[in-house]
Each structure stands twice: as structure tokens, then as C-alpha cells.
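Here the structure comes first, spelled out in C-alpha cells, and everything after it is commentary.
Numbering starts at 1 and runs along the sequence shown.
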Amino acid sequence: MNDPLAHIRDLFDLDDDVVYLDGNSLGAPPKAVADRVQDVVRHQWGRRLIRSWSEGWWEAPERVGNRIGRLIGAKPGQVVVADSTSVNLFKALMAAVRNTDRMEIVVDAGTFPTDGYIARSVAELTGLALRPAPPEELDLRDTTAVVLLNHVDYRTGRLLDMAELTAQAHAVGAKVVWDLCHSAGVLPIELDALDVDLAVGCTYKFLNGGPGSPAFIYVPKHAQPTFDQPLTGWTGHEVPFAMSSEYTPDPGVSRARVGTPDILSMLALDAALDVWDHVDLADVRAKGLALTAHFRSLVEDLPGIEVLTPSDEWRGHQVSLRHPDAERLMAELIDRQVIGDHRPPDVLRFGFAPLYNTFDDADRAATTLKQLL
Ligand SMILES: Cc1ncc(COP(=O)(O)O)c(C=O)c1O
Ligand SMILES: Nc1ccccc1C(=O)C[C@H](N)C(=O)O
């Protein structure tokens, strides 16, 4: 395949003897990040000290949020970087059900655990019912307040139809919250165009922000005035430095902020996002599909292997394989420098990050797996 992204791998700090197929759990570091973090520590923090808060730090959550917004189809002023995905899910779900007279929250039955746990807490706190349902049979009703869906399933790699499911929710007057952890930065996403109500996602996977880098939350302009989230920390205040005793939320997306942002991680993420200045998401998607198709073709007939990831285009950028000995096999693959991961009970996951993974990575991973089997 003609690979217009081949040169982008050089922007990453990766060992050539390692086949890294776990960028859907922790993205690899762009080379520029280390120098940027050093500058932030040595210069911004070290020399400028507290003055740095008014020299770009305070607004970093909104500024970096806009950079992510560009990758997920959100116009400026609608994405803020803050907290973890879990915390942002809590804000989003609580805000979505505030003042509702509807009775249930629906969550994708196979969701990543944290989404299900948080949805359970929100249901308990608000007195709504929680109904887990498979995405192909959500059975939304006029009693459904909100539905929480993972754009790409972490276990199988299945991609949901955001347009169709958002429309389904809206048809019964329900809201939809999308978890974009496994799709932000690798799939073209059009949140504004699809009229998505709320979305959240992490930045340490395909956005390469680094371990524990802060998550993001999308609140569209029209929903901001009624986005009443319960974590009313001072940084979401309209005038934080007035230090008022009354909480007045910021009129815009900053009302989703809570406490002091983690600047070191935030600015590491900012540096990592520079990679996107050089790429077109359509190329990223095309390469992700090609890499996963190639890998699939090499492994699907291996003994004892069942491919869980859909073979059509309704898939993200991972290939999940079921094998009864998945845990042992992954440990042995990692011993041989092929790094994917194992998800219980019997799933081998191979994530392909089109910015740095190569077709040779797919070949080497498949050959090693074949030898082990
Ligand atoms: C779909 C999904 N949601 C949420 C999370 C994690 O949330 P948090 O960033 O709060 O750890 C992950 C992965 O860790 C995930 O895959
Ligand atoms: N945040 C992490 C910290 C440590 C180890 C893994 C993670 C993951 O992100 C797992 C990922 N969400 C997954 O899809 O399995």
C-alpha cells in the first residue's frame, strides 16, 4: 500500500526491535514531548514560577480542548481538557439527567467497566433505573433519559454507527453520551454535524498524551447554558479569581472544569498533538483499516483462533482474537517483543496506531503468534 503516513513514525520515540501494538491502551511518545516537558519544568515552572498561570497555563484546558475538537468535529469553544474519562462521564451523565422526568439510563451492556460503574452510581444518586442493553437492541423509549455508548468497543473493536444511534436516541427525545476513548484521533468523527449531546474521551491512547494525561469532554454550544454538572469546583466558576462565596458557572464549556489542571500532563499532551498538524484523518483511517485487514488475513486461519473484530468497516483500529490460552500467549508474545494485551477471559488484543505502526509490525506480530501456536 502507498502509505502517506510512513514518515510520521519518525516523529515517535520507538525502538525498532519492539512491535508495539498497544497504542489503544497507552499511545507511544512523540519525540517532541520530552523536550517540551523539560521546557515547561525548567523554564515555565522554574523561571517564570507562578507568573506562568497567566502566561498560558490557566487557559490551557480550553486551548488544548480546541485542538482535540478539530479531530472530533467540534467547533472551537466546546471541548475542554480536564480530569479523567471516568470523572467526565460522571459530569456528563449527571448533567444529562438533571431535571428529567424520565425514568431510565441505558448503557451499552458490553461497555468498558468504568462507564457501567459510573452509570450505576448516577442511577443510584438520581433514583433513575439503569438498563444495560446491547447496542443493536437498545429499545429506547420515551422514558429513556440518556443512553451511554462506546464508539468503539474496547474488547471486540466493533465500531458503532454514531449517526444512526444518535438519531435513534433523539427520535424518542433521549440524549446520548458517546465515549470516544478508542476512536478519538483515529477515526473521522463529526460531533457537531451529528448533533451529539455530550461526549467524553481519554487522551493517552491514540492521542498519545502520555500515561494518565487528562481526558476531554465535549459540551456543544447550545447545551452549555443547561449543562449543570455537580462537581462545582472553583475553576468552573465564571470568575474564579473573584473568589466569591457563591458558585456561578462559567457560561461556556469551562463550566465543565473542576479543580486546578494538571499542567505537566496537559502540556505534554499539547506537544503530542503537534503530530496532527502533519496528518489528514482520512489517511489515518484508511491506514488503520488496511493494517488491521492485513493482520487479520495473516492470523484468521491459525489453529484455535477466532477473530472477534468485525471484518467489515464497522471496526476500530484493533484486532481482537479469542483463544483459550490468551493470557499465556500474550505473555509469550511480550517476551518476544510483540506488545499487545490480554483482556479477560480469553481475548488477545492487537491495537494498530496508524501514525507509527507499519505493515512490517503486522507481519512480525503474525509470524511470532504463528510460531507460538
Ligand atoms: C471506553 C473507555 N472508557 C474509559 C476508560 C478509562 O477511563 P479513565 O480515563 O477514567 O481511566 C477506558 C480505558 O481505560 C476506556 O477504554
Ligand atoms: N488507562 C489504563 C491504565 C493502565 C492500563 C490500561 C489502561 C487502559 O486504558 C485500558 C484500556 N481502556 C482498555 O481498553 O483496555
Side-chain angles (χ1 to χ4, degrees), residues 25-27 57-66 68-69 72 74 78-98 105 107-108 111-126 128 130 145-151 154 175-185 191 196-207 209-220 223-224 226-237 240 247 249-250 252-270:
S25 201
L26 176 65
W57 284 1
W58 191 265
E59 298 78 18
E62 291 80 6
R63 185 176 60 74
V64 181
N66 286 338
I68 293 172
I72 56 177
Q78 304 183 106
V79 177
V80 72
V81 175
D83 307 310
S84 61
T85 318
S86 306
V87 172
N88 288 337
L89 278 165
F90 180 70
K91 298 174 202 168
L93 287 176
M94 286 296 285
V97 302
R98 170 104 28 145
I105 298 171
V107 62
D108 173 353
T111 187
F112 186 78
T114 210
D115 303 57
Y117 302 158
I118 297 279
R120 163 72 53 205
S121 287
V122 171
E124 284 171 6
L125 284 167
T126 58
L128 273 75
L130 179 68
V146 63
V147 49
L148 168 59
L149 296 167
N150 292 187
H151 195 200
Y154 81 102
K175 291 181 179 157
V176 61
V177 177
W178 283 99
D179 180 331
L180 307 178
C181 279
H182 288 268
S183 57
L191 295 181
V196 165
D197 298 283
L198 295 163
V200 301
C202 68
T203 64
Y204 47 71
K205 300 184 196 291
F206 292 113
L207 293 172
S213 58
F216 64 87
I217 178 165
Y218 162 80
V219 185
Q224 290 170 3
T226 54
F227 181 77
D228 284 328
Q229 60 98 353
L231 302 176
T232 49
W234 75 292
T235 70
H237 194 282
Y247 183 77
D250 181 89
V253 74
S254 305
R255 61 174 53 201
R257 288 175 64 164
V258 183
T260 307
D262 174 350
I263 291 297
L264 296 184
S265 269
M266 179 89 58
L267 297 185
L269 167 63
D270 191 22

* Going by the angle between their ring planes, with limits at 30° and 60°, are His237 and Tyr247 parallel, tilted or perpendicular? -> perpendicular
* Structure fact -> For Phe227 and Ala92, the nearest pair of non-hydrogen atoms, with its separation, is CE1-CA, 4.2 Å
* To do: Looking only at non-hydrogen atoms, find the nearest pair between Ala215 and Ser84 and report the distance.
  => CB-C, 3.4 Å
* To do: Answer whether the closest heavy-atom distance between the side chains of Phe112 and Thr85 falls below 4.5 Å.
  => no
* Identify which one of Asp108, Val200, Leu198, Leu89 satisfies the side-chain contact (heavy atoms from CB on, under 4.5 Å) criterion when paired with Leu148. => Leu89
* Asked: Under 3.5 Å, is there a donor-acceptor pair between the side chain of Asn88 and the main chain of Ala82?
  -> yes
* Side-chain (Asp270) to main-chain (Ala60) donor-acceptor, under 3.5 angstrom -> no
* Asked: Between Pro230 and Phe90, is any pair of side-chain heavy atoms under 4.5 Å apart?
  -> yes
* How close do Ala199 and Val196 get, heavy atom to heavy atom, and via which atoms? -> CB-CG1, 4.5 Å
* To do: Check Ala74 against Val79 and note the closest heavy-atom contact, atom names and distance.
  => CB-CG2, 3.9 Å
* Ignoring hydrogens and angles, tell me if any N or O in the side chain of Gln229 forms a donor-acceptor pair with the backbone of Met94 under 3.5 Å. => no
* Can you check side chain to side chain contact (heavy atoms under 4.5 Å, CB included) on Thr260 and Trp234, steps first, answer last? -> CA-CA 9 Å; Thr260 307; Trp234 75 292; 4.1 Å; yes
* Asked: Got a donor-acceptor contact below 3.5 angstrom from the Asp197 side chain to the Val177 backbone?
  -> no
* **Distance (rounded to the nearest 0.5 Å) between Leu128 CG and Ile105 CD1** => 5.0 Å
* Arg255 side chain to Gln224 main-chain N or O, any donor-acceptor pair under 3.5 Å? -> yes
* Is there side-chain contact between Pro240 and Trp58, with heavy atoms separated by less than 4.5 Å? -> yes
* To do: Decide yes or no on side chain to side chain contact (heavy atoms under 4.5 Å, CB included) for Leu180 and Phe216, but give the supporting numbers first.
  => CA-CA 10 Å; Leu180 307 178; Phe216 64 87; 4.1 Å; yes
* So, the side chain of Thr203 versus the backbone of Pro214: is there a donor-acceptor pair under 3.5 Å, distance only? -> yes
* Asked: Given side chains that start at C-beta, do those of Leu231 and Asp83 come closer than 4.5 Å, heavy atoms only?
  -> no
* **Minimum heavy-atom distance between Cys181 and Lys205, given as atom pair plus value** => O-CD, 3.4 Å
* In plain terms, say whether Asp250 and Arg257 are close enough for a salt bridge, that is, a side-chain N and a carboxylate O under 4.0 Å apart. => no
* Could you check Val81 against Met266 for side chain to side chain contact (heavy atoms under 4.5 Å, CB included), going step by step and ending with a plain yes or no? => CA-CA 8 Å; Val81 175; Met266 179 89 58; 3.5 Å; yes
* **Thr235 (side chain) donor-acceptor with Val258 (main chain) under 3.5 angstrom** => yes
* For the residue pair Gly116 and Thr111, what are the closest heavy atoms and their distance? -> N-CG2, 3.6 Å
